[in-house]
> 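Please see the structure below; I have some questions.
Atoms within a ligand are numbered from 1 in the order they appear, just like the ligands themselves. Every value quoted in this text rests on a predicted model; they were computed, and no experiment measured them.
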Amino acid sequence: MKKFTCLFALFVILFFCTGEQEKDKSNLIQPEKWYSVHPRPIYSSLEKIGTFQSWFDVYKITEDTYAIYEPNQFEEAISYLALGNDKAALIDTGTGIGNIKAVTQELTDLPVTVILTHEHYDHVAGAYRFDEIIMYDNEQALQVLKKGRNNTSLQQYITEDYLWKPLPQDFDPTSWIIPSMEPTQLVKDGDLIDLGERAFEVIYTPGHCPGQMCLLDQKNRILFTGDHFFPGPLYAYPPDVNIEDYRASNQKLVQRLDEFDHLCSGHNSPWVKSDVLPRVSDAFDAIFSGEGEYSQDNGLRRYHFDGFDILIREDML
Ligand SMILES: [Zn+2]
């Protein structure tokens, strides 16, 4: 009888353990085993400078541009350190996991100004470590930055679903916040941000969110895109997305394609050929004319295209 009870208990334990393991965590936004894409092939063709704090992988993109990549968390955020003659710009500041300022100090002695491509947490979280912050002059974006994020709201980004490597040793998840911030300089469409012998033109590209801008580096023929484009699922579904703005912004960039060859994007890959942008316009056209292949789940569609996907809500179509 005792033996039977033990066997029964073992059966119950095995049943529930297996059930837990087989629980399907996949969805359209975050596929199960999303980390199986690592290492992404593009990185083997780039010059790796090193790994910092066991969290940031740094690659040299041009003579005066570094990509600071966070491959261990689902967002795969990429920030860029761009060197001019007089100062450097840190374009976006990542998730705030790890000390990105310490990384920039390893790479340059120049004073560093932060430029935020937009207001989302995975781009602004490390900005509070710097004295100078430039952002687009958009009231909604400024309010997001001013509000900051408390620890509770950030916990969702460091669950085991979001991480496939340990957090850095010095990072304390229980005190992780994004403090309230105010930019020290606001910019508008067409403004130039001068680093000395290197300047970025601000190109306002709302759509992904109200404060989204791109930066045109004329010297290197690079466009820093923030989240307007990255080679992955473009988020066209959250409440702060304006799909008509998104399409118009992409057309605006397509009209200037002769001014840049590569995109330095906010996620996944720091080096993307710019000829993908006309395909993004074609993709939006296809979606809104009822074409395009997609997967569907719970009112959300993930359309599949060559080099990127588009995530969009059915009620937006
Ligand atoms: Zn992002």
> I'd like to know if Glu197 and Lys219 make a salt bridge, using a cut-off of under 4.0 Å between side-chain N and carboxylate O.
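Looking at Glu197 and Lys219, the cut-off is not met.
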> Which heavy atom of Pro210 sits nearest to which heavy atom of Asp240, and what is that distance?
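The answer is CD-O, 3.7 Å.
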> Is there an N/O/S atom in His123 at a distance below 2.8 Å from the Zn ion (ligand 1)?
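Checking the Zn ion (ligand 1) against His123, an N, O or S atom does fall under 2.8 Å.
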> Thinking salt bridges, do Asp217 and Arg198 make one under a 4.0 Å N-O criterion?
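Here Asp217 pairs with Arg198 in a salt bridge, since their nearest N and O are under 4.0 Å apart.
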> What's the separation between atom CZ in Phe260 and atom CG in Leu277, rounded to the nearest 0.5 Å?
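Between Phe260 CZ and Leu277 CG, I get 5.5 Å after rounding to 0.5 Å.
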> Using the Zn ion (ligand 1) as the vertex, how large is the angle between OD2 of Asp122 and NE2 of His267, rounded to 10 degrees?
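Approximately 90° at the metal, rounded to tens of degrees.
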> For the Zn ion (ligand 1), what is the closest N, O or S atom on Asp227?
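So the atom name we want here is OD2.
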